[in-house]
Amino acid sequence: MADWAGLPHDLLVLIAKRVKVIEDYIAFGCVCNSWQTASTKDNFDVLSPQLPLLMLPDNDEKTYYREFYSLSKGRVSRKLYLPEAKGRDCFPTHHMGWLLTQSLDGEEVNLFNPFSATKIHLPNQFALRALQSPDDLIEEPEFYRYIKLATLSANPSFTSDYVLVISYDTDVNYLAYWLPGDINWTLFDMDERHGGVCNMTYYKGKFYLLTWGAEIWVVDVQSRDRRVESHLIDLNDNKDLFRHSIQFGRNRSNDNSAVDTFKCEVYEVDEMKCKLKRIHNLGDSTIFLGLNGATSIDSTKFTGVIKPNHIYFTDDWVEQNLMSECGGGKDTGVYNLEDGNIEYFYPELSLSCICPPTWVIPSL
């Protein structure tokens with residue numbers, strides 16, 4: 001029998017460098033100690049495109065493992081020991097692999113990479129609330145998702161020069177940011193309030209906010225005095241931003257505690273008229289939509305795995321999920337933008353009030 005553990009280290013490194021999918025790279029390192037020493041972060045091509053994995057809820061109260069469903073393999077491909085995510089609200093930060101997690105009691109808020117098990121402590125929800133005017137504080141239910149959205153400017157795995165921007169208590173339109181080394185959050189010094197934020201992204205040194213009022217704001221938190229510069233976006237100077245705005249049609253299901261998506265409409269910015277124009281074809285693009293917004297993927301890099309001109313969506317109606325007895329996760333599927341047909345990519349039903357299934361792009 002061949003001694004695979006005894007292969008020369010240089011040969012193992014060469015093999016490891018040819019593995020381009022992170023979930024396979026992690027599995028490579030789990031074979032034995034010699035393979036693990038060859039599968040370092042430096043030996044992986046971080047620029048290789050990665051397909052989002054579906055992170056499933058931790059429905060078993062006795063386990064600290066979280067499962068990740070792979071579209072390419074058509075099954076659960078990874079099962080990771082993640083006590084840091086147990087019983088916590090988790091959602092992506094628009095940067096590969098990193099999640100923002102918050103405990104139910106508000107005591108702990110962290111940035112967390114489930115694939116490298118790296119955790120970065122953040123100021124908690126009480127520190128955030130202390131910055132508010134007493135007049136703006138609201139009475140919260142037993143569990144209240146205080147931080148709604150989070151976006152990183154860069155990957156903390158590779159640099160300490162990054163900014164984290166959050167939208168919290170969106171009904172009264174608060175925004176804050178955090179820099180590595182800060183003791184507390186810093187509130188945005190906005191000249192005026194705007195419609196609640198429904199999506200955020202980072203592009204060429206600035207954060208862009210899409211509001212429920214169909215406005216796009218640009219903010220810069222890199223200024224020397226830390227004052228946030230904010231203004232409505234000039235569409236003619238930002239043709240590549242928020243190209244696609246997605247509108248859902250939803251029906252309430254028979255049990256009156258959940259909703260089902262039955263239609264998606266996609267719009268792009270008309271730079272000349274400064275209006276949204278409906279489009280019916282995404283070309284080779286595929287959109288993954290869920291908690292914390294949408295991500296566009298080039299389907300040609302995953303031929304035969306994901307479908308172009310489709311929207312892979314997961315349940316993202318947080319408030320409705322909290323009120324539902326079984327939680328969210330039912331409203332999941334693949335929407336064909338051409339004919340309006342909806343298929344289902346996940347064969348089982350996985351529900352959670354706190355953290356329903358959500359897309360995560362893997363990163364070391």
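- Ring centroid separation for the pair Tyr202 and Tyr162 does not come in under the 6.0 Å cut-off.
- For His121, the side-chain hydrogen bond (donor to acceptor under 3.5 Å, both in side chains) criterion is met by Asn110, not counting sequence neighbours.
- Here Asn184 contributes atom CG and Leu128 contributes atom CG; the two are 7.5 Å apart, rounded to the nearest 0.5 Å.
- Annotation: ring pair (Phe, Tyr, Trp, His ring centres under 6.0 Å) contacts of Tyr81 (sequence neighbours excluded): Tyr65.
- Not counting sequence neighbours, the partners of Val76 by the side-chain contact (heavy atoms from CB on, under 4.5 Å) test are Leu56, Glu67, Tyr69.
- Residues satisfying the side-chain contact (heavy atoms from CB on, under 4.5 Å) test with Ile183, not counting sequence neighbours, are none.
- Glu84 and Lys86 are not joined by a salt bridge, as no carboxylate oxygen comes within less than 4.0 angstrom of a charged side-chain nitrogen.
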Could you list the donor-acceptor pairs under 3.5 angstrom formed by side chains in residues 355-364, with sequence neighbours left out?
{"from": "Trp359", "atom 1": "NE1", "to": "Tyr312", "atom 2": "O", "distance (Å)": "3.3"}
{"from": "Ser363", "atom 1": "OG", "to": "Met96", "atom 2": "O", "distance (Å)": "3.4"}
{"from": "Ser363", "atom 1": "OG", "to": "Asn155", "atom 2": "ND2", "distance (Å)": "3.3"}

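- Under a cut-off of 6.0 angstrom, the local environment of NZ in Lys20 is crowded, with over 12 non-hydrogen atoms contributed by other residues, nucleotides or ligands.
- With sequence neighbours excluded, the residues that form a side-chain contact (heavy atoms from CB on, under 4.5 Å) with Thr40 are Asp42, Asn43.
- Side-chain atoms of Thr159 never come within 3.5 Å of backbone atoms of Pro156 as a donor-acceptor pair (strictly under, hydrogens ignored).
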Steps toward side chain to side chain donor-acceptor pair (under 3.5 Å) verdict (Ser34, Trp4): CA-CA 9 Å; Ser34 61; Trp4 296 106; over 6 Å; no
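- With hydrogens and angles left out, the side-chain atoms of Thr118 and Trp98 include no donor and acceptor closer than 3.5 Å.
- For the side-chain hydrogen bond (donor to acceptor under 3.5 Å, both in side chains) test, no residue two or more places apart in sequence or in another chain qualifies with Thr37.
- With sequence neighbours excluded, no residue satisfies ring pair (Phe, Tyr, Trp, His ring centres under 6.0 Å) with Phe126.
- Sorted by first and then second residue, the salt bridge (Lys or Arg N to Asp or Glu O under 4.0 Å) pairs with a member in residues 71-83 read Glu23-Lys73, Asp24-Lys73; sequence neighbours excluded.
- Applying the ring pair (Phe, Tyr, Trp, His ring centres under 6.0 Å) test to pairs two or more places apart or on separate chains, those with a residue in residues 15-50 are Tyr25-Phe44, Phe28-Trp35.
- The distance from atom NZ of Lys148 to atom CG of Leu175, rounded to the nearest 0.5 Å, is 13.0 Å.
- Taking hydrophobic clusters as Ile, Leu, Val, Met, Phe, Trp and Tyr residues chained together by side-chain heavy-atom distances below 4.5 Å, Leu54 shares a cluster with Val334.
- Leu179 CG to Ser153 OG: the interatomic distance, rounded to the nearest 0.5 Å, is 8.5 Å.
- Judged purely by distance below 3.5 Å, without hydrogens or angles, the side chains of Gln102 and Glu108 never pair a donor atom with an acceptor atom.
- The distance from atom CD1 of Ile26 to atom OG of Ser39, rounded to the nearest 0.5 Å, is 9.5 Å.
- Between Phe207 and Leu152, the shortest heavy-atom contact is CE2-C, 4.3 Å.
- For Glu338, the side-chain contact (heavy atoms from CB on, under 4.5 Å) test picks out Asn309, Asn336, with sequence neighbours left out.
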Does the pair Phe68 and Leu80 meet the rule for a side-chain contact (heavy atoms from CB on, under 4.5 Å), with working shown? CA-CA 8 Å; Phe68 292 80; Leu80 301 179; 3.8 Å; yes
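- The distance from the CE atom of Met200 to the OH atom of Tyr208 is 14.5 Å, given to the nearest 0.5 Å.
- Applying the side-chain hydrogen bond (donor to acceptor under 3.5 Å, both in side chains) rule to Asn124 yields no partners; only residues at least two apart in sequence or on another chain are considered.
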